[in-house]
Every structure is written in C-alpha cells, then in structure tokens.
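The next block holds one structure in the form of structure tokens; read it before the comments.
Ligands are counted one by one from 1 in listed order, and the atoms in each one are counted from 1 as well. Please read these numbers as outputs of a predicted model, since none were measured by experiment.
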Amino acid sequence: MFDNDCIFCKIIRDEIPSVKVYEDEKMLVFKDVEPKAKVHLLAIPKDHFKLLSEMNEDRAELLKYMLLKIPEIAAANGLKNGYRLIVNQGDDAGQTVFHLHIHVLGGET
Ligand code: 5GP
Ligand code: ZN
C-alpha cells in the first residue's frame, strides 16, 4: 500500500531523490535532508501508514523487523558508540511527515 501524496512513498518509488543507505523488500533507510545530528537517518516501512497510534499486529511485526535491522544499519553508518531512536507521534510531537518513520540520530562526538 502506498499513498500518492506522501513524500516518503515518493522516496520509496524514486520519484523524489534521496540518499538511501539500506533497502530491502520491507523497509528503506535514507539520510534526513535536514540532519539534526552528524548522522541522521530515517527508517521507514515500505507499507504506508501514518501514525504509531495506527499500530496493529501486522504493523507491529514490521516494526519489530525494523528494530532488529537497525543496529546493523547503524553500525554500517559509523554509529559505533551509540545512537538515539525517535518516533514522533502526531502534531504535538512536531510530526511533519505522516508516514511512520524512526529517526536514527548519532555521531555527535
Ligand atoms: P518528523 O518531524 O515528521 O518526525 O520528521 C520528518 C523528517 O523528514 C524531518 O527530519 C525532515 O527533515 C525529513 N524530511 C522531510 N522531507 C524530506 C525529504 O524530501 N527528503 C528527506 N531525505 N528527508 C525529508
Ligand atoms: Zn507514505
């Protein structure tokens, strides 16, 4: 499932350019265009859904899959000494792109 108006769905389909660092059939990881840390990656499921609050069993499986992959992707991108994961949920958290994404931030030292 994808959303025609969603910028992250467009990134998945290469309709908007991005610097991709990892991709498989379920997920994509690319560099944030406005990095808030030395390394700032965005991990997204290829299946479009907007919010953490739209979680269901299938999406939780997808999120689990992503969480199992992120440590190796982080290490491959130089984050040997740690990193932070952030999911912004909704307007009050400052969520601006409504396709679920995990921020991977690190490399400050
Ligand atoms: P949110 O505030 O929704 O949690 O985070 C959305 C993130 O997506 C922001 O950090 C923003 O810089 C990033 N972003 C927005 N548009 C694009 C884009 O077209 N390309 C890339 N690579 N990142 C984007
Ligand atoms: Zn989307």
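For atom 1 (P) of ligand 1, the closest non-hydrogen atom on the protein side is His101 NE2, 3.1 Å. Considering only non-hydrogen protein atoms, atom 2 (O) of ligand 1 sits nearest to Gly94 O, 3.1 Å. Ranking the protein heavy atoms by distance from atom 14 (N) of ligand 1 puts Val33 CG1, 4.0 Å first. The nearest heavy-atom contact from the protein to atom 22 (N) of ligand 1 is Lys31 O, 2.9 Å. Atom 9 (C) of ligand 1 has Asp32 OD2, 3.3 Å as its closest protein atom, hydrogens excluded (heavy atom only). What sits closest to atom 20 (N) of ligand 1 on the protein, heavy atoms only, is Ile11 CD1, 3.6 Å.
The atoms of ligand 1 that sit less than 4.0 Å from any heavy atom of Asn88 are 1 (P), 2 (O), 4 (O). Residue His103 has at least one heavy-atom neighbour below 4.0 Å for each of these atoms of ligand 1: 1 (P), 4 (O), 5 (O), 7 (C), 10 (O). For ligand 1, the atoms sitting less than 4.0 Å from at least one non-hydrogen atom of Lys36 are 10 (O), 12 (O), numbered in the order shown with element in parentheses. Listed by number with element, the atoms of ligand 1 under 4.0 Å from a non-hydrogen atom of Phe8 are 8 (O). The distance from ligand 1 to the heavy atoms of Glu34 drops below 4.0 Å at these ligand atoms: 12 (O).
Looking at Met27 and Tyr22, their side chains come closer than 4.5 Å, going by heavy atoms from C-beta outward. Side-chain contact between Leu41 and Tyr83: absent, with no pair of heavy atoms (C-beta onward) separated by less than 4.5 Å. Within the 4.5 Å cutoff, the side chain of Met66 has no heavy atoms near those of the Ile73 side chain. A heavy-atom distance below 4.5 Å is not found between the side chains of Val97 and Leu42.
In this structure, His99 contributes its side chain and Pro45 its backbone to a donor-acceptor pair below 3.5 Å. With hydrogens and angles ignored, the 3.5 Å screen pairs no side-chain donor or acceptor of His103 with any backbone N or O of His101. Side chain of Glu54 to main chain of Arg59: no donor-acceptor pair is present (N/O by atom type, distance under 3.5 Å, no hydrogens or angles). The backbone N or O of Ala75 sits less than 3.5 Å from a side-chain atom of Lys80, completing a donor-acceptor pair. Distance alone, capped at 3.5 Å, places no donor-acceptor pair between the Lys26 side chain and the Asp24 backbone.
Proximity of Leu42 to ligand 1, defined as any heavy-atom pair under 4.0 Å, is confined to the side chain (atoms from C-beta onward). The part of Phe30 lying near ligand 1 is the side chain, judged by heavy-atom distances below 4.0 Å. In Ile7, the part holding a heavy atom less than 4.0 Å from any atom of ligand 1 is the side chain.
For Ala37, the side-chain contact (heavy atoms from CB on, under 4.5 Å) partners at least two apart in sequence or on another chain are Leu105, Glu108.
Hydrophobic clustering of Ile, Leu, Val, Met, Phe, Trp and Tyr side chains at less than 4.5 Å, counting indirect connections, unites Phe30 with Ile12. Using a 4.5 Å cut-off between side-chain heavy atoms of Ile, Leu, Val, Met, Phe, Trp and Tyr, with links allowed through other members, Met55 and Ile70 fall into the same hydrophobic cluster.
Checked by distance only, ligand 1 and Ile16 stay at 3.5 Å or farther apart across all their nitrogen or oxygen atoms. Polar contact with ligand 1: present for Thr96 (N/O pair, distance under 3.5 Å). The N/O atoms of His40, backbone and side chain alike, include none that comes under 3.5 Å of an N/O atom in ligand 1.
Atom CD1 of residue Ile102 and atom CD1 of residue Ile86 lie 11.5 Å apart, to the nearest 0.5 angstrom. Within the model, atoms CZ of Arg13 and CG of Leu28 stand 12.5 Å from one another, a figure rounded to the nearest 0.5 Å.
With waters left out, the protein N, O or S atoms under 2.8 Å from the Zn ion (ligand 2) add up to 4.
For the pair Ser18 and ligand 1, no heavy-atom separation below 4.0 Å is found.
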